[in-house]
Amino acid sequence: EARTVEKRTMTSQVAFLRTQLGPATPAEVRALITDWIGTQIDSMHGVNMRNWNAANYAITQGNDLVDVIDAKCGFS
């Protein structure tokens, strides 16, 4: 049950985020966010496959991208 809720939550968050990327989003930021979305999907896939190394790698990549995205958006 917990994994199902986690999948549903992640899928909803990604779907919502995609609706917020519009023409005003700078191309570089859009590319970074698209890459981050990919890491979230990769992470969930790793968890589903019980490939903890792949899941952890994707999480680390995603976290690294968050730092870059924050800086590009002026949040850090």
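Index from 1, following the sequence. Since the structure is predicted, the reported quantities are computational estimates derived from the model, not experimental observations.
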Problem set entry | Approximate separation, where rounding is to 0.5 Å, of I41 CD1 and N48 CG | 12.0 Å
Exercise. What residues form a side chain to side chain contact (heavy atoms under 4.5 Å, CB included) with T19, not counting sequence neighbours?
Worked result: F16
Seminar exercise, completed: All heavy atoms of K7 vs all of M44, minimum pair found to be CG-SD, 3.6 Å
Exercise. Does D64 have any side chain to side chain contact (heavy atoms under 4.5 Å, CB included) partners at least two apart in sequence or in another chain, and if so, which?
Worked result: T60
Problem set entry | Listed once per pair and sorted, the salt bridge (charged side-chain N to carboxylate O under 4.0 Å, His left out) pairs that draw on residues 65-76, sequence neighbours left out | E28-K72
Problem set entry | Pairwise side-chain contact, I37 with L17, heavy-atom cut-off 4.5 Å (strictly under) | yes
Seminar exercise, completed: For R50, the side-chain hydrogen bond (donor to acceptor under 3.5 Å, both in side chains) test, sequence neighbours excluded, returns none
For this session: State which residues pass side-chain hydrogen bond (donor to acceptor under 3.5 Å, both in side chains) with N63; sequence neighbours excluded, sorted by chain then number.
Result: none
Exercise. Looking at A58 and S43, what are the two nearest heavy atoms and their distance?
Worked result: CB-N, 3.5 Å
Problem set entry | M10-L65 co-clustered via ILVMFWY side chain contacts under 4.5 Å | yes
For this session: Could you grab the distance from atom CD of Q40 to atom CG of D35, nearest 0.5 Å is fine?
Result: 11.5 Å
For this session: Kindly write out the residues that satisfy side-chain hydrogen bond (donor to acceptor under 3.5 Å, both in side chains) with Q61, not counting sequence neighbours, or none if the list is empty.
Result: Y57
Exercise. Which pairs with one or both residues in residues 14-24 pass salt bridge (charged side-chain N to carboxylate O under 4.0 Å, His left out), sequence neighbours excluded?
Worked result: none
For this session: List for me each residue that meets side-chain hydrogen bond (donor to acceptor under 3.5 Å, both in side chains) alongside Q13, sequence neighbours excluded, and say none if there are none.
Result: none
Exercise. Taking atom SG of C73 and atom CD1 of I33, what is their separation to the nearest 0.5 Å?
Worked result: 6.0 Å
Exercise. Sequence neighbours excluded, which residues qualify as side chain to side chain contact (heavy atoms under 4.5 Å, CB included) partners of T25?
Worked result: L21, V29, R30
